[in-house]
Each structure stands twice: as structure tokens, then as C-alpha cells.
Amino acid sequence: MTRVNIRRSTVIDAPVEAVWAVLRNFNSHHAWHPAVSASAIENGEASDKVGCVRNFRLKNGSHIREQLLFLSDAKRGFGYCILEAPAPLRKYVASVRLRPVTSDDSCLMEWQASFEPPPQERVRLERFVSEEIIDAGFAGLRRALTAGALAARVARPSVSARAGAATEGVEIAITRYGGPEVLVPRVASIRAPGPGEVRLLQTAVGVNFIDVYCRRGSFDLVPPGGVVGMEAAGVVESAGPGVANVRVGDRVAYACAPPGAYASMRTMRADLLVRLPDSLSEEIAAAILLKGISAGFLLHDVAQVRAGETILVHAAAGGVGRILTHWAKAMGVTVIGVTSSETKSGEAKRAGCDHVAFTSRENFVETVLNFTSGRGVDVVFDAIGKDTFERSIECLATRGRLISYGQASGDVGAYSIDRFAQRSMTISRPNYIHFTDTPERMITQSGRLFDALRSGAVVAERPRVYPLADAPTAHADLEGRRTTGSLILIP
Amino acid sequence: MAKVYSSAVIPAAASAVWSIVRDFNALPKWTPFVAESRIEQNKPPDQIGCIRNFRLKDGGRIREQLLALSDYEMSFEYSILESPMGVENYLAAFRLIPVTDSDHTFAEWTAEFDASTDREDDLVESIRRDVFAAGLGALKARFNR
């Protein structure tokens with residue numbers, strides 16, 4: 001196998017220290033290389049940790065992973081290899097080095113690459129690396145430095161608002177209200193963060209039923225042309241003035257209004273973010289934050305479930321249902337789960353349900369009354385709505401609480417309040433937003449969830465993963481009840 | 001240990017610049033400060049270990065030994081054996097790197113040496129300015145027309 005060696009160099013008209021301040025960040029290339037659209041360091045590692053992996057997308061859509069092999073501040077150079085790429089750039093190693101030109105305060109940038117192409121691809125790949133990777137990189141870096149886009153970040157790494165430039169990202173917008181097909185990807189300009197704001201490089205986006213409601217128009221949170229999504233995790237890419245709770249490079253997540261999470265990058269209020277514990281991956285965080293916080297306030301704040309009580313959890317194999325079940329079991333609560341199919345009942349049992357009933361084959365009211373010797377349950381958690389609401393009421397014990405937190409099957413309709421006097425029932429219709437609408441509430445709720453994850457009261461399962469552009473498929477699967485557990489989109 | 005560094009971009013192809021500076025006996029041809037030079041014992045100037053014996057225009061005599069020469073890297077290294085400058089353990093390196101997108105040449109000249117602390121800063125500055133920058137400046141001027 002022939003090894004191809006490419007050596008290119010250029011003179012950059014900027015002091016070597018300024019250029020090195022940009023290049024030594026192994027995760028800065030999306031800010032200057034014209035071919036790179038979004039990049040993140042895996043596992044939340046520092047970008048100057050030798051061995052870290054940058055995971056990035058090219059604007060043509062392909063996905064590449066590269067590992068930092070060496071980094072030298074003394075020589076102002078670094079080297080890396082490709083771990084995964086769509087092109088057959090086999091055994092690809094490359095290095096970049098800067099040298100000062102003292103006669104006029106500019107610098108020489110050398111970029112070398114070496115790889116083993118298949119013989120028939122040699123000419124094409126040699127040209128691709130020379131021109132589209134290296135020469136385009138030289139031009140992009142020169143442009144970015146001249147435009148001053150990078151200067152502010154170099155000088156003040158944590159504050160980039162004034163001189164910061166917009167950057168390109170991909171987001172999924174709804175063209176109109178409707179089915180999954182109205183979710184359409186588009187390239188968007190992601191503006192630099194203003195006061196109190198950060199720009200996030202999103203590495204995982206959570207998919208929730210509220211996104212479906214927004215897409216259908218049942219909630220008017222997102223006008224046509226807007227971007228849905230309430231939940232994502234990622235890395236702080238830049239921060240505007242006055243941001244105190246997070247810093248550039250922090251791993252963070254959010255699960256809150258305003259919508260707009262279905263995107264590769266996003267500029268948003270910093271005080272909506274929570275920092276992730278080291279033990280929690282961004283994928284798991286994006287999968288569990290909204291559902292876990294929901295389960296937390298439903299159990300502890302709304303229903304105030306106590307040890308020894310018996311509860312009924314609808315969709316016990318679903319996102320929130322599974323967490324509710326697991327968490328309640330850890331508190332010493334008896335849990336009856338309801339699921340739509342036998343496959344899902346296995347999931348519900350694994351989550352810890354003491355008993356599982358099916359909506360498809362049996363009247364679950366009878367099952368519940370039999371299981372509780374005719375007494376009924378203390379609490380029902382119902383996000384199904386129209387199809388189950390009436391029977392949920394029938395399952396309640398005297399002074400029971402019905403927590404209606406969703407309406408997957410449709411609106412529950414009008415009820416006379418007198419109905420609830422029959423057994424002194426309490427009905428709650430909590431709204432997620434009212435439990436998470438201040439930074440303090442968000443910290444309380446997320447802290448409780450992180451504690452539960454640490455203690456094992458809540459166990460995170462691997463989410464089902466879809467590429468961001470496949471958001472329509474993810475929605476169709478969620479609405480078609482073909483999924484158990486959580487769904488995430490990867491930009 | 002004191003360090004000196006100087007570099008410049010020469011407006012000519014690396015092969016053209018290298019053909020001039022690779023000759024260890026050519027200081028009088030391309031620097032403004034050397035009056036005459038010879039290689040001791042009549043050795044070829046690209047034999048590793050050869051010694052150039054040259055006289056500066058201000059009269060000082062210097063003997064330097066070639067330690068490394070690479071046509072592949074377009075670089076050479078040398079040490080000072082004798083000089084009026086009062087430096088010890090003086091080791092210098094000269095290197096060319098092609099600038100591929102303009103067909104120019106990056107030239108870099110570095111040295112490390114020991115000297116008494118009270119003279120170190122002055123020596124660094126005079127070597128940087130009067131030897132390295134002056135030499136590189138002359139190379140630039142040679143092609144800049």
C-alpha cells in the first residue's frame with residue numbers, strides 16, 4: 001500500500017500567539033474551517049487533553065471523528081489521526097505547526113497529512129486533502145482572523161458577545177401544523193450570544209410528546225416556521241457578558257420553554273441551563289432531563305406520594321412512566337402499570353411494576369380493583385387523556401388523587417366537579433412549565449433528579465437514537481406507539 | 001541558557017534559497033557582515049565536521065563547526081569553536097521551509113548559548129539583530145527585485 005504524504009504551508013498575517021490561541025483548541029475548527037459545520041469533544045473532555053476525540057460534521061453532511069495525538073505549546077503544534085470518516089482516508093495522520101515570522105510579526109502555518117488511499121482513489125483523495133481540507137482551511141482561518149470573528153474569543157475566551165459572529169447550524173422547523181412530514185431541516189444562522197446568553201453546540205436533543213403537540217398545533221407554543229423541541233444537552237461554545245452560572249466548555253443541558261431545541265447549535269438564555277455531573281453523558285441527559293424532572297415533580301410536589309401507598313401508572317413502559325415506576329418503587333410504593341401491549345409489559349415489569357394490566361385486552365379497572373381488594377389506588381398518573389380518563393377515575397380509592405399530566409389520545413373533555421365528590425377525589429392538571437420556570441426551580445428539580453440517578457432510585461436506559469434530520473421518523477415512531485423508553489436526535 | 005530566534009519570508013523558491021545558504025563557506029556571498037571565509041584543512045563545505053574560519057568586517061575572527069546538514073529538511077546546524085563574543089556552548093540551526101501557496105520560502109535561524117548573566121541580554125539582542133535578522137534581511141533583499 002502506497003502512503004501519500006502531503007505538506008502544505010502558508011503565511012498567516014497575524015501574530016503567532018493569536019493564531020496559536022485559536023489552533024491549540026482542538027475543537028475550534030467549526031469556527032474557522034469552511035467545511036466544518038459543528039463539532040464537539042466527546043465525553044465532555046477538555047480540548048487540550050491528548051487523546052480527546054473531536055466528533056464533527058462536514059457541511060456536506062458526512063460525519064468524522066478525529067483523535068488528538070500530541071499537542072505542544074513549546075512548538076506550537078499538534079497532531080491527530082482519523083478514527084472514523086466516510087472517505088477511505090486509511091491510516092490518516094496529520095499535524096499542524098506554527099512558526100513566528102519575526103521580521104514582520106506574521107507566522108508560518110504548516111499542515112502535513114499522510115494516509116494510505118486505495119490505488120484507484122489516490123489522485124482524487126490527494127487533491128481532496130490538499131485543496132478541500134488544507135488549502136480551504138488556510139483560507140478559512142485567514143478569513144476568520146481578518147474578520148475579527150475569532151479575535152475576541154482569543155483575547156477573552158469566556159466573553160465573546162460583542163465581536164462574536166453568527167455561525168451556521170442546522171435546525172428542524174415546522175413548515176405548518178400537521179403530521180411528522182412537516183418537520184423539515186434547514187440551514188440557519190446561529191447568532192452570537194448577547195448579554196446573559198450562551199451559544200451551545202448541541203450534541204443530543206430529547207424527543208418528547210410535547211414536541212408532537214407543538215407540531216400538531218394543539219399547543220400554540222411554536223408558530224409555523226418555528227423550531228420545536230424543549231430539551232437538549234451539549235457544550236457551551238461561547239458566552240455573552242454577564243453569564244455567571246456556566247462557562248465556555250461546560251457540559252450542560254436544559255429542558256424548558258421556549259421551544260427551539262431541534263438544532264445543531266442554539267443561542268439561548270444561560271440561566272435556563274443546568275451543568276451536568278461528570279457521571280452523566282450528554283446523550284443520557286438529553287434523554288432523561290425533561291422526563292426525569294416531570295416524574296420528580298409529579299411524584300414529590302404534585303401527588304406527594306408516600307411509602308406504603310399504591311399507585312397506578314399509565315404507559316408504564318413509556319418515557320415518564322418508566323421513571324415514575326422506578327422512582328416510586330425505590331420509595332416503597334406499590335406500583336400497578338398499564339401498557340398497550342404485551343411486549344411493553346415486559347418493559348414495565350423490568351421497571352419494577354408489581355402488576356401490569358393491558359389496555360388492549362382487558363378492562364384494567366377490574367384488574368386494579370381485584371389487585372387492591374376493591375379499595376382502589378391512592379394515585380393515578382395518567383398522560384393518555386381521553387381514552388383512559390373515565391376509567392382512571394374509577395380506579396381511585398376514597399380521597400385518591402388523579403394526576404392528569406398529558407393527553408396523548410386526545411382532550412379529556414368537560415367533567416362536572418360533582419363527580420369527584422363521590423370519593424373526595426383530587427384532580428390535578430400540572431403543567432411542566434410552572435415547575436421549571438425560574439433558575440431556582442430548575443436547580444431544585446434537576447438536583448433532585450441527579451441525586452436519584454446517583455442513588456439508583458432512577459436508572460437511565462440507553463435511548464433510541466435518530467439522526468437530527470430523521471426527526472419525522474422519530475415522531476412517527478413515538479406517535480405510532482412503536483417505542484419504549486426515550487428517543488433522542490443526534491445533530 | 002540564552003536563546004535567539006529570527007525568521008523571515010524570502011520571496012523566492014526554497015530550492016533557489018537553499019542553493020545559496022547550503023554552502024557552509026558562502027557567508028561572504030550572502031551576509032553583509034562577513035569579509036572572507038575558508039574551510040579548514042581544505043575539506044568540502046558539506047562534509048559534516050568541517051570548520052569554517054571567517055573574518056567579520058569589524059575584524060573579529062570566528063571558527064564554526066558544521067554539525068548537521070540535510071538537503072531533505074533544507075537545514076544545517078553548527079557550533080562556535082572560537083569567537084570574540086564570549087559565548088559558551090553556542091549551538092545554532094538554520095532551516096528553510098517552502099511556503100507552498102505562494103512559492104516563497106520561510107527561513108528560520110536559531111541559537112542557544114551560555115554567557116555571563118550581565119552580558120546575556122546584550123548578546124541575545126546583538127546576535128538577533130546584527131547577525132540573524134541582518135543575514136535574513138540580506139537574503140530577502142537579494143530576491144526582492
Side-chain angles (χ1 to χ4, degrees), chain A residues 3-20 23 32-34 72-77 94-114 126-146, chain B residues 1-18 21 30-32 70-75 92-112 124-144:
Chain A
R3 187 159 263 278
V4 168
N5 293 296
I6 296 168
R7 293 179 63 164
R8 313 284 272 195
S9 51
T10 193
V11 175
I12 307 264
D13 192 17
V16 69
E17 294 82 10
V19 182
W20 179 238
L23 289 183
W32 55 268
H33 200 296
S72 167
D73 279 324
K75 293 187 169 167
R76 297 192 188 93
S95 61
V96 170
R97 182 157 177 193
L98 297 179
R99 294 167 198 265
V101 179
T102 56
S103 62
D104 56 10
D105 210 16
S106 60
C107 68
L108 178 80
M109 177 174 176
E110 292 174 274
W111 196 336
Q112 308 191 7
S114 154
E126 211 170 336
R127 178 177 301 174
F128 171 74
V129 171
S130 301
E131 294 173 8
E132 314 215 0
I133 296 182
I134 299 180
D135 288 353
F138 287 157
L141 184 61
R142 192 175 278 121
R143 210 164 31 237
L145 286 163
T146 317
Chain B
M1 167 133 21
K3 290 184 179 187
V4 186
Y5 182 96
S6 188
S7 59
V9 176
I10 316 291
S15 57
V17 183
W18 182 238
V21 299
W30 65 271
T31 67
S70 167
D71 280 318
Y72 179 70
E73 296 270 352
M74 292 188 289
S75 68
F94 189 98
R95 177 166 194 195
L96 300 181
I97 296 170
V99 181
T100 59
D101 69 349
S102 60
D103 209 22
H104 290 178
T105 304
F106 171 82
E108 129 188 304
W109 205 341
T110 63
E112 291 178 1
V124 167
E125 181 52 22
S126 71
I127 294 170
R128 193 195 61 73
R129 185 188 58 218
D130 302 336
V131 182
F132 293 0
L136 294 173
L139 270 182
K140 257 175 105 161
R142 182 187 190 96
F143 291 102
N144 217 349

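So you know, we letter chains A, B, ... as the sequences are listed, proteins then strands, and number each from 1. Quick caveat: nothing in here was measured; it's all calculated off a predicted structure.
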A side-chain contact here means heavy atoms from C-beta on lying under 4.5 Å apart; do [X] and [Y] qualify?
{"X": "B:K140", "Y": "A:S103", "value": "yes"}
{"X": "A:E110", "Y": "B:I97", "value": "yes"}
{"X": "A:L108", "Y": "B:V99", "value": "yes"}
{"X": "B:F106", "Y": "A:S9", "value": "no"}

Neighbour count above 12 (heavy atom, 6.0 Å) for A:D13 CG:
no

Is chain A contacted by the side chain of [X], its backbone, both, or neither, given a heavy-atom distance below 4.5 Å?
{"X": "B:R129", "result": "neither"}
{"X": "B:S102", "result": "neither"}
{"X": "B:A8", "result": "both"}
{"X": "B:Y5", "result": "both"}

If I compare all heavy atoms of A:R142 with all of B:D101, which pair ends up nearest, and what's the gap?
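For A:R142 and B:D101, the tightest heavy-atom pair comes out as NH2-OD2, 3.8 Å.
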
Quick one: of A:V101, A:D104, A:D135, who has the most non-hydrogen atom pairs under 4.5 Å with chain B?
A:V101

Taking every heavy-atom pair that is under 4.5 Å apart, which of B:R95, B:R128, B:H104 has the most such pairs with chain A?
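Option with the greatest count: B:R95.
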
